[in-house]
Amino acid sequence: MNEIASITVDVVSDVVCPWCFIGQKRLERAVDAVPEVDVTVRWRPFQLDPTIPEEGLDRRDYMLGKFGSDERIREIHERISALGVAEGIAFDFDAIEVAPNTLNAHRLIRWAGTAGEEAQNQVVRRLFKLNFEDGANLGDNEVLVGVARECGMDAPVVETLLPTDADREAVTNEIATASRMGITGVPCFLLESKYAVMGAQDAETLADAIRKVGEAKARGELEG
């Protein structure tokens, strides 16, 4: 099958958002379903709660503060876990002890992007899995350095940069830009920086959007 066009999908997400993990899995299936479109995926930062201190918070206390009761939290987790099974995700919410500040994780994702699309995708996949299936603390620099090492990044450089302010402002500026664009929830899929698909839509919906934008670009309708 001939390619229609090359398009870029910017995914605005947070690594502690379970819907973003589901969205990542569905996007992978959507891209596979539209082989005629050459899709480049880029991950953009968002923080569900930037007020969390750098050392993180006790997750159970944090969730109780947000949702009010263990019963309500359990209902939410059960609903998300059931959806996760269909996407091959083994959510283990009970294993998550810390609600982390995710700014450093987003810095790592940004650095991975300089190594290429696949490196960034690999880092994002690993961060989601560590948080939601293994209960790792994504606010722990040692965890982040380990991800860098596993994903073929220059781990000593990452280890050196994390305690500094390198790219901290750039990431916070990107988050602010998303807010100015009206993005208040994630995941948000931006196709060719012109069309937005909000939420963890099913793979078929994402594939249809990719196909239509690819066709429109091929016809020269997205210029300007």
Side-chain angles (χ1 to χ4, degrees), residues 11-26 43-112 120-151 153 155 158-168 171-172 175 184-187 199-200:
V11 189
V12 184
S13 79
D14 197 359
V15 287
V16 292
C17 167
W19 294 106
C20 293
F21 193 8
I22 290 171
Q24 179 260 324
K25 292 287 191 179
R26 290 177 175 175
W43 293 88
R44 301 300 189 188
F46 188 90
Q47 284 192 285
L48 293 177
D49 189 348
T51 69
I52 293 176
E54 193 161 331
E55 66 273 15
L57 296 170
D58 179 271
R59 185 174 187 274
R60 182 175 179 276
D61 291 345
Y62 179 73
M63 295 294 283
L64 282 171
K66 284 186 69 173
F67 298 108
S69 70
D70 283 320
E71 182 180 2
R72 176 72 178 131
I73 294 167
R74 187 162 51 251
E75 288 174 357
I76 293 168
H77 286 170
E78 286 177 355
R79 181 163 64 100
I80 294 171
S81 293
L83 290 169
V85 169
E87 305 300 336
I89 301 171
F91 281 110
D92 188 355
F93 291 105
D94 290 339
I96 307 172
E97 297 180 356
V98 176
N101 183 298
T102 57
L103 185 63
N104 283 345
H106 287 302
R107 291 167 70 209
L108 177 65
I109 293 168
R110 181 184 180 87
W111 298 331
Q120 192 178 53
N121 282 329
Q122 192 176 353
V123 166
V124 169
R125 285 194 294 265
R126 186 65 181 140
L127 289 170
F128 277 136
K129 184 181 188 306
L130 281 170
N131 182 67
F132 287 111
E133 297 185 339
D134 303 340
N137 175 10
L138 299 189
D140 184 338
N141 283 357
E142 287 189 15
V143 171
L144 299 179
V145 172
V147 170
R149 184 177 297 110
E150 290 174 42
C151 297
M153 296 176 66
V158 170
E159 189 171 20
T160 300
L161 290 176
L162 278 173
T164 74
D165 288 330
D167 284 322
R168 187 178 295 268
V171 171
T172 56
I175 294 169
T184 57
V186 287

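Predicted model only: the values in this text are computed from it and were never measured.
- Looking at every heavy atom in both residues, I22 comes nearest to G84 through CD1-N, 4.4 Å.
- Contact check for V85 versus F91: no side-chain heavy atoms found under the 4.5 Å cut-off.
- Remark: N104 CG to E54 CD distance equals 5.5 Å, nearest 0.5 Å.
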- Task: For D134 and D92, run side chain to side chain contact (heavy atoms under 4.5 Å, CB included): C-alpha distance rounded to whole Å, both residues' side-chain angles, the deciding distance at 0.1 Å, then the answer.
- Result: CA-CA 7 Å; D134 303 340; D92 188 355; over 6 Å; no
- Let me see the working for I76 and I80 under side chain to side chain contact (heavy atoms under 4.5 Å, CB included), right down to the final yes or no. CA-CA 6 Å; I76 293 168; I80 294 171; 3.8 Å; yes
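- Contact check on R74 versus E71 returns no salt bridge, with no Lys/Arg side-chain nitrogen under 4.0 Å from an Asp/Glu carboxylate oxygen.
- For the atom pair CZ of R110 and CD of Q120, the computed distance is 10.0 Å after rounding to the nearest 0.5 Å.
- The CD1 atom of I109 lies 6.0 Å from the OG atom of S13; values are rounded to the nearest 0.5 Å.
- Residues L144 and L138 approach most closely at CD2-O, 3.6 Å, considering heavy atoms.
- You'll find the side chain of C151 reaches within 4.5 Å of the side chain of R126, heavy atoms only.
- V158 places none of its side-chain heavy atoms less than 4.5 Å from the side chain of R107.
- Atom-to-atom distance recorded for I52:CD1 and L103:CG is 12.0 Å, nearest 0.5 angstrom.
- Counting heavy-atom neighbours within 6.0 Å of D49 CG, excluding the residue itself, gives a total above 12.
- For E97, the CD atom sits in a loose shell: 12 or fewer heavy atoms of surrounding residues, nucleotides or ligands are nearer than 6.0 Å.
- More than 12 heavy-atom neighbours from other residues, nucleotides or ligands sit within 6.0 angstrom of CZ on R125.
- Closest approach of V123 to A112, counting heavy atoms only: CG2-CB, 3.7 Å.
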- Kindly determine whether K66 and I73 satisfy side chain to side chain contact (heavy atoms under 4.5 Å, CB included), including the steps that lead there. CA-CA 9 Å; K66 284 186 69 173; I73 294 167; over 6 Å; no
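- For E150, the CD atom is densely surrounded, since the number of other residues' heavy atoms within 6.0 Å is greater than 12.
- F128 and F21 have parallel rings, their planes meeting at less than 30° on a 0 to 90° scale where 60° marks the start of perpendicular.
- Residues M153 and V147 form no side-chain contact, since every pair of their non-hydrogen atoms from C-beta on lies 4.5 Å or further apart.
- Contact record, V15 with F132: O-CE1, 3.4 Å, taken as the closest heavy-atom pair.
- Remark: F46 engages no residue in a ring-ring contact (aromatic ring centres under 6.0 Å, His included) (not counting sequence neighbours).
- Put simply, OG1 on T102 and CD1 on I175 are 6.5 Å apart, with the number rounded to the nearest 0.5 Å.
- Taking CD of Q24 as the start and NZ of K129 as the end, the distance is 12.5 Å to the nearest 0.5 Å.
- In this structure, R59 and I96 approach most closely via the heavy-atom pair CD-CG2, 3.1 Å.
- Screening residues 52-83 for ring pair (Phe, Tyr, Trp, His ring centres under 6.0 Å), with sequence neighbours left out, gives H77-F93.
- For the residue pair R26 and L83, the shortest heavy atom distance occurs at NH2-CD2, 4.2 Å.
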